[in-house]
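See below for the structure under consideration.
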Amino acid sequence: MAYERQELSAAAAEEQREICARINAVLGPGERYALVDTYGCQQNESDSEILRGYLAAMGYSFTEEEERADVVVVNTCAVREHAQMRVFGNVGALSAQKREHPEKIVVLCGCMAQSPEIREKVKRSYRVVDLCFGTNELWRFPALFEKTLEVHGLPGNRGRVFEATDEALVAEGLPRQRDGKVKAWLSIMNGCNNFCSYCIVPYVRGRERSRRSEEIAAEAESLVLAGYKDITLLGQNVNSYGRGLEGELNFAGLLRKINAIDGDFRIRFMTSHPKDATEELFTAMAECEKVAPHLHLPLQSGSDRILKAMNRGYTAESYLKKTELARKLIPGLVLTTDIIVGFPGETEEDFLDTLRLTETVGYDSMFTFIYSPRPGTPAASWENGASREEIQNRFDRLLKSANAQAAAIHKAQEGKTLRVLIDATNKGEYTLSSRSAGGRLVHLRGDASLLGRWAQVKITGSNTFALFGEII
Ligand code: SAH
Ligand code: SF4
Ligand code: F3S
């Protein structure tokens with residue numbers, strides 16, 4: 001089926017804002033609270049900011065306490081079974097509260113809700129959920145919420161609202177309540193066309209579609225004006241930004257455009273697919289002083305046989321060559337990755353190829369996952385020769401190696417001076433956290449008033465997960 005990029009009309013976006021105002025008026029004055037619980041990746045974090053933006057326009061304040069919340073929104077992730085089990089566990093646990101407070105509204109949305117099978121299961125077995133909608137429905141959350149309120153208003157009628165469509169729109173002009181004041185997400189595209197054989201994302205997020213670069217640059221500019229200092233461009237595969245949008249910049253061009261915005265801020269991005277990471281991108285990263293020298297380049301496996309079965313579109317050797325080129329072109333590059341262990345058909349030899357390649361590349365941090373079959377993906381029906389114990393054993397060995405790599409790379413930073421952005425406060429001895437240009441976590445001592453400031457720090461210590469430093 002051919003995909004045609006479609007934009008949400010300004011009138012439709014305006015209508016949703018009007019619905020928010022109407023709901024606010026109907027609910028009237030008085031305090032009401034919402035809680036938005038987010039699972040999964042940064043893309044979901046970013047979507048939750050839109051959910052909060054809408055809820056704020058309806059007059060809701062936010063709470064972290066489930067008991068206190070009049071509305072609980074669970075924004076879900078379907079990428080591994082474990083994430084889904086957690087969602088079901090937590091949603092199930094809301095039933096007791098709902099028995100005491102039948103007026104509490106429970107919403108389940110996001111990637112899980114895009115799957116017809118999961119919606120069916122929620123309808124049948126999770127009666128606590130009042131409203132369930134898929135990822136493509138996010139822009140019309142107010143309309144669906146209004147419908148839910150109406151259903152609630154009918155005495156004796158405990159009807160529920162379930163909606164999802166495959167029609168994905170590029171939506172501009174939606175309200176957004178951002179999480180912090182220092183770091184901001186900036187979604188540049190949505191969906192994925194890669195269909196890695198293990199991955200559910202293309203099914204729940206739809207085909208890849210990019211926002212226009214003028215819209216993205218305008219949003220980046222307003223973030224800088226509002227004082228944000230760390231902007232992360234988000235997409236499932238940012239390297240293919242602009243594909244299918246006539247006359248649009250590619251990702252390297254987009255980086256240059258955002259880099260040209262006045263101000264002292266950093267640009268990060270997630271995630272790069274190795275098959276589309278080019279010399280042009282590395283050159284742009286090297287030449288743009290605001291672009292962080294960090295590449296999150298998911299390897300998944302170091303075995304060519306497994307990479308082919310995963311439909312990743314690169315070999316171990318071409319991946320290694322790219323990281324070498326990137327290291328050569330981008331001074332101080334920080335490399336991080338994702339690895340899947342126990343993919344169907346992975347042998348001990350395949351695993352050793354992965355282990356060796358990760359050690360050759362040398363990663364600052366590795367996100368390691370045990371393969372989780374996702375219903376509807378090709379790999380879900382493939383035989384897995386390895387036993388659970390073998391897979392766990394491989395996972396443990398990989399994690400041990402990942403931790404040793406990270407600790408050694410961090411140790412080598414000791415004595416250096418880095419420029420960091422202070423972006424969080426902590427309890428305990430190290431009261432502040434910050435990030436280096438490459439994205440390394442640096443714990444510091446200092447006053448909370450330094451939050452949002454840049455600082456020069458001397459690195460005095462390190463462990464597997466972080467660096468420790470002193471402000472100079
Ligand atoms: N678009 C990004 C990442 C998407 S999901 C990319 O292509 O890199 C984040 C990570 O979850 C993936 O990189 C992969 O390592 C892991 N993952 C995805 N599907 C998985 C599955 N079925 N089982 C285990 N890990 C999975
Ligand atoms: Fe999933 Fe592959 Fe797309 Fe990443 S590139 S979201 S792993 S299908
Ligand atoms: Fe999960 Fe959806 Fe992100 S499946 S990883 S929340 S795109």
Side-chain angles (χ1 to χ4, degrees), residues 36-48 51 74-87 108-115 118 134-136 138 168 185 187-209 233-241 243 269-277 295-302 306-307 309-314 319 335-344 346 354 358 363 365-382 384 391 394-395 398 402:
V36 180
D37 194 8
T38 312
Y39 294 75
C41 64
Q42 292 88 347
Q43 203 65 247
N44 255 21
E45 300 277 349
S46 165
D47 285 353
S48 283
L51 290 163
V74 188
N75 192 8
T76 64
C77 171
V79 83
R80 280 170 293 275
E81 197 184 2
H82 178 71
Q84 271 184 207
M85 300 304 286
R86 275 177 53 219
V87 165
L108 190 144
C109 61
C111 294
M112 275 169 70
Q114 188 64 29
S115 141
I118 300 247
T135 51
N136 295 331
L138 178 69
W185 307 124
S187 171
I188 63 167
M189 60 203 294
N190 215 320
C192 182
N193 286 355
N194 288 321
F195 288 97
C196 302
S197 60
Y198 51 81
C199 184
I200 196 78
V201 171
Y203 305 89
V204 294
R205 284 276 175 177
R207 292 298 62 71
E208 183 182 294
R209 51 209 182 270
L233 310 181
L234 292 181
Q236 291 302 339
N237 176 12
V238 291
N239 303 343
S240 57
Y241 171 79
R243 223 172 267 174
F269 55 88
M270 289 273 258
T271 298
S272 300
H273 194 300
K275 79 175 161 55
D276 302 310
L295 262 181
H296 181 64
L297 207 57
L299 169 64
Q300 313 299 3
S301 169
I306 297 296
L307 285 171
M310 287 177 162
N311 191 30
R312 288 292 287 177
Y314 54 86
Y319 180 97
L335 269 172
T336 55
T337 199
D338 296 345
I339 305 283
I340 297 176
V341 175
F343 186 77
E346 183 190 80
T354 303
T358 64
Y363 294 102
S365 73
M366 283 162 61
F367 298 87
T368 50
F369 306 104
I370 287 183
Y371 168 71
S372 167
R374 307 314 297 131
T377 62
S381 59
W382 300 346
N384 202 329
I391 293 172
R394 287 176 201 163
F395 181 83
L398 183 68

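When a ligand or atom number is given, it counts from 1 through the structure's own listing order.
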Inset, instruction - Using a 4.0 Å heavy-atom threshold (strictly under), name the region of F195 that reaches ligand 2: side chain, backbone, both or neither. - result: backbone
Legend entry - Exercise: do S372 and E81 side chains pair donor with acceptor under 3.5 Å: no
Inset, instruction - Hey, could you give me each pair passing side-chain hydrogen bond (donor to acceptor under 3.5 Å, both in side chains) that has a residue in residues 39-48? Not counting sequence neighbours. - result: D37-Y39, T38-S48, Y39-N90, Q43-S187, N44-R205, S46-R176, D47-R205, S48-N75
Inset, instruction - Could you pull out, from S197, P298, C196, G313, the option with a heavy atom nearest to atom 8 (S) of ligand 2? - result: C196
Legend entry - Numbered atoms of ligand 2 (with element) below 4.0 Å of Q236, judged on heavy atoms: 6 (S)
Legend entry - Gap separating the CG atom of N193 from the CZ atom of R209, nearest 0.5 angstrom: 9.5 Å
Inset, instruction - Could you verify whether a donor N or O on one side chain and an acceptor N or O on the other, from T336 and H296, lie under 3.5 Å apart? - result: yes
Legend entry - atom 2 (Fe) of ligand 3: protein N, O or S atoms that are less than 2.8 Å away, sorted by chain: C111 SG
Inset, instruction - Find the distance between CD1 (I200) and CZ (R80) and round it off to the nearest 0.5 Å. - result: 12.5 Å
Inset, instruction - Record the part of C192 in heavy-atom contact with ligand 2 below 4.0 Å; permitted values are side chain, backbone, both and neither. - result: side chain
Inset, instruction - Only counting residues at least two apart or in another chain, list the ones meeting side-chain hydrogen bond (donor to acceptor under 3.5 Å, both in side chains) with N384. - result: none
Inset, instruction - For H273, counting its heavy atoms only, list the atoms of ligand 2 lying under 4.0 Å from any of them. - result: 5 (S)
Legend entry - Close approach of R205 to ligand 2, heavy atoms, under 4.0 angstrom: no
Give one line per pair: atom of ligand 1, protein atom, distance. Only N/O to N/O under 3.5 Å.
{"from": "ligand 1", "atom 1": "1 (N)", "to": "Q236", "atom 2": "O", "distance (Å)": "2.8"}
{"from": "ligand 1", "atom 1": "1 (N)", "to": "Q236", "atom 2": "OE1", "distance (Å)": "2.9"}
{"from": "ligand 1", "atom 1": "11 (O)", "to": "R80", "atom 2": "NH1", "distance (Å)": "3.0"}
{"from": "ligand 1", "atom 1": "13 (O)", "to": "Q300", "atom 2": "NE2", "distance (Å)": "2.8"}
{"from": "ligand 1", "atom 1": "13 (O)", "to": "D338", "atom 2": "OD2", "distance (Å)": "2.7"}
{"from": "ligand 1", "atom 1": "15 (O)", "to": "Q300", "atom 2": "OE1", "distance (Å)": "2.7"}
{"from": "ligand 1", "atom 1": "17 (N)", "to": "R80", "atom 2": "NH1", "distance (Å)": "3.4"}
{"from": "ligand 1", "atom 1": "22 (N)", "to": "Y198", "atom 2": "O", "distance (Å)": "3.0"}
{"from": "ligand 1", "atom 1": "22 (N)", "to": "S372", "atom 2": "O", "distance (Å)": "2.8"}
{"from": "ligand 1", "atom 1": "23 (N)", "to": "S372", "atom 2": "N", "distance (Å)": "3.0"}
{"from": "ligand 1", "atom 1": "25 (N)", "to": "R80", "atom 2": "NH1", "distance (Å)": "3.4"}

Inset, instruction - Kindly say whether L297 contributes a backbone atom to a donor-acceptor pair with the side chain of T337 at under 3.5 angstrom? - result: yes
Legend entry - Heavy-atom side-chain proximity of E346 to V341 below 4.5 angstrom: yes
Inset, instruction - If you have a sec, work out which protein heavy atom is nearest atom 7 (S) of ligand 3 and how many Å separate them, to one decimal? - result: Q236 NE2, 3.2 Å
Inset, instruction - Measure the CZ-OG distance between R312 and S301 for me, rounded to the nearest 0.5 Å. - result: 10.0 Å
Inset, instruction - First locate atom CG of L299, then atom OH of Y363, and finally report the distance between them rounded to the nearest 0.5 Å. - result: 4.5 Å
Inset, instruction - Would you mind running through ligand 2 and noting each atom that sits below 4.0 Å from a heavy atom of R312? - result: 2 (Fe), 7 (S)
Legend entry - Top protein contact for atom 7 (S) of ligand 2, by heavy-atom distance: Y198 OH, 3.4 Å
Inset, instruction - Could you see which bit of P202 sits under 4.0 Å from ligand 2, with heavy atoms only: side chain, backbone, both or neither? - result: side chain
Legend entry - CZ on F367 to CG on D338, rounded to 0.5 Å: 7.0 Å
Inset, instruction - To the nearest 0.5 angstrom, please state how far the CG atom of L234 sits from the CE atom of M189. - result: 11.0 Å
Inset, instruction - Just jot down the ligand 2 atoms closer than 4.0 angstrom to any heavy atom of C199, in number order. - result: 1 (Fe), 6 (S), 7 (S), 8 (S)
Legend entry - Beyond-backbone contact of Q236 with E208, side-chain heavy atoms, under 4.5 angstrom: no
Legend entry - Shortest protein contact, atom 5 (S) of ligand 2 (heavy atom only): N194 ND2, 3.3 Å
Inset, instruction - With the side chain counted from C-beta on, respond yes when R394 and T354 share a heavy-atom pair under 4.5 Å apart, and no when they do not. - result: no
Legend entry - F195 side chain reached by Y203 side chain, heavy atoms, under 4.5 Å: yes
